[in-house]
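Written below as structure tokens is the structure these notes are about.
Keep in mind that the numbers below use all heavy atoms, side chains included, and drop hydrogens, waters and symmetry copies. Throughout, residue positions are numbered sequentially from 1 according to the sequence presented. Just so you know, these numbers come straight off a predicted model, no measurement behind them.
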Amino acid sequence: MTNKPVLIELSETPASPADAPPVQDVSDPVSDRPEGRAMQIAARLAARPASRLARFFWQATVALLGFVISVAAWRFVENLFAANPVLGWVGAGLLAVFVCAAALMGLRELAAFARLRRLDRVHREVTAAAQADDLARARKVVTHVSGLYAARPEMDWSRARLAERAPEQLDTATLLNLAETELMAPLDAAARLEIEAAARTVATVTALVPLALADVFTALTANLRMIRRVAEIYGGRAGSLGSLRLARTVLTHLVATGAVAVGDDLIETVTGGHLFSKLSRRFGEGVVNGALTARVGVAAIEVCRPMPFHALQKPRVTNLTGRALTGLFGKAKASQGSD
């Protein structure tokens, strides 16, 4: 039997290899892009509202512990008096000193909350005066804003210039713009430096420290410290509880508005186009966490600033992050050149 070739006629033209879809690069999937997970986790932890049951539990726990400690301290002093009157008086004096210190701490926290409320009140007064276009009301508001910094020597020159030029202004908008330019400009510059320092810290730790949860802890502590410093710069120095409440206010606003996610447009603007494709994922996460820290800082400025942005430009996240991470980019490019 002879084997002969079989010819099969195709009714359609076979597909060309050039028409085949491109092969996906498994080493760079879309899901592997840096997302700033440390900052997102830290923001959601700080902004998570406590349930009523949890608040009731902690309030009851603090009340019970306070009562137990008070009774134990009183009995301890009584036993000292029974054993030795001199030791009893020493213990009573130490207990009185502790109570005074606790009372002073409580008063400091109340004063911190009062300062934060004063900033909010002045901010509302400025907005109301601008909307009403009332010159007399605006002059009173400008006096309130200037009074926030009466005890700060570094603001004396700005306050003196404002006091010299304010009587010459005969328009509400011009007067408020003058006050913002003279008083807020140096404070905005100081706040920018704090934000850049925090963004640099978070980005560096995320990029260089491979320990688990180290980036989350650093992001949380650096952002809390940054928010507290921004509040101090604008005249709302907060205590421990005030700082936590202020941080929760800022981060809750960011989480609610979806601002804790960095888009590709922001990433490319900060990193200079497609630089991410040439860097390690760890460094990319550091850059994104730094950008998110800068975004938190801008929100803190908006919350703590006694005057809304009108005459001056609001800080841009891309500019803040670019200045903060300039050194890191230089190091990354140098390391690539040496490879």
Side-chain angles (χ1 to χ4, degrees), residues 38-83 87-121 123 194 198 201-202 211-256 260 293 296-297 299-300 303-304:
M39 268 300 301
Q40 296 188 30
I41 293 174
R44 286 177 169 81
L45 287 177
R48 179 180 297 175
S51 63
R52 293 183 179 180
L53 179 59
R55 287 198 299 267
F56 175 74
F57 170 76
W58 288 114
Q59 290 172 358
T61 301
V62 171
L64 178 61
L65 289 178
F67 179 75
V68 171
I69 293 174
S70 300
V71 173
W74 182 258
R75 288 185 175 178
F76 175 73
V77 173
E78 285 185 339
N79 293 334
L80 285 180
F81 271 110
L87 293 179
W89 283 111
V90 172
L94 293 177
L95 181 60
V97 171
F98 172 78
V99 172
C100 291
L104 293 176
M105 289 288 292
L107 291 177
R108 191 185 70 170
E109 293 295 331
L110 292 178
F113 281 109
R115 284 190 293 267
L116 294 177
R117 286 194 297 268
R118 186 183 181 187
L119 285 181
D120 294 336
R121 184 176 66 254
H123 190 280
E194 292 293 336
T201 300
V202 173
L211 298 178
L213 298 181
D215 50 357
V216 178
F217 177 78
T218 302
L220 188 59
T221 55
N223 277 268
L224 291 176
R225 183 171 60 251
M226 175 189 64
I227 293 173
R228 181 172 183 173
R229 286 290 301 130
V230 169
E232 291 177 356
I233 288 172
Y234 288 106
R237 186 175 61 181
S240 301
L241 298 179
S243 299
L244 293 176
R245 183 176 179 180
L246 181 61
R248 172 166 290 186
T249 301
V250 174
L251 295 176
T252 300
H253 171 71
L254 291 177
V255 172
V260 291
T293 300
V296 173
V303 171
C304 300

Closest heavy-atom contact between Leu95 and Val77? CD2-CG2, 4.1 Å

Listed partners of Leu94 passing side chain to side chain contact (heavy atoms under 4.5 Å, CB included), at least two apart: Val90

Ignoring hydrogens, what is the shortest heavy-atom contact between Ala198 and Met226? Give both atom names and the distance. CB-SD, 3.7 Å

Search all heavy atoms of Gly235 against all heavy atoms of Leu119 and return the closest pair with its distance. C-CD1, 4.1 Å

Sort and list the pairs that fulfil side chain to side chain donor-acceptor pair (under 3.5 Å) and have at least one residue in residues 68-83, not counting sequence neighbours. Trp74-Glu78

For Phe81, what residues pass the ring-ring contact (aromatic ring centres under 6.0 Å, His included) criterion, not counting sequence neighbours? Trp89

Minimal non-hydrogen separation, Ala222 against Val202, with atom names: CB-CG2, 3.7 Å

Spacing of Arg225 atom CZ and Leu220 atom CG [to the nearest 0.5 Å]: 11.0 Å

Between CZ on residue Arg228 and CD on residue Glu232, distance to nearest 0.5 Å: 6.0 Å

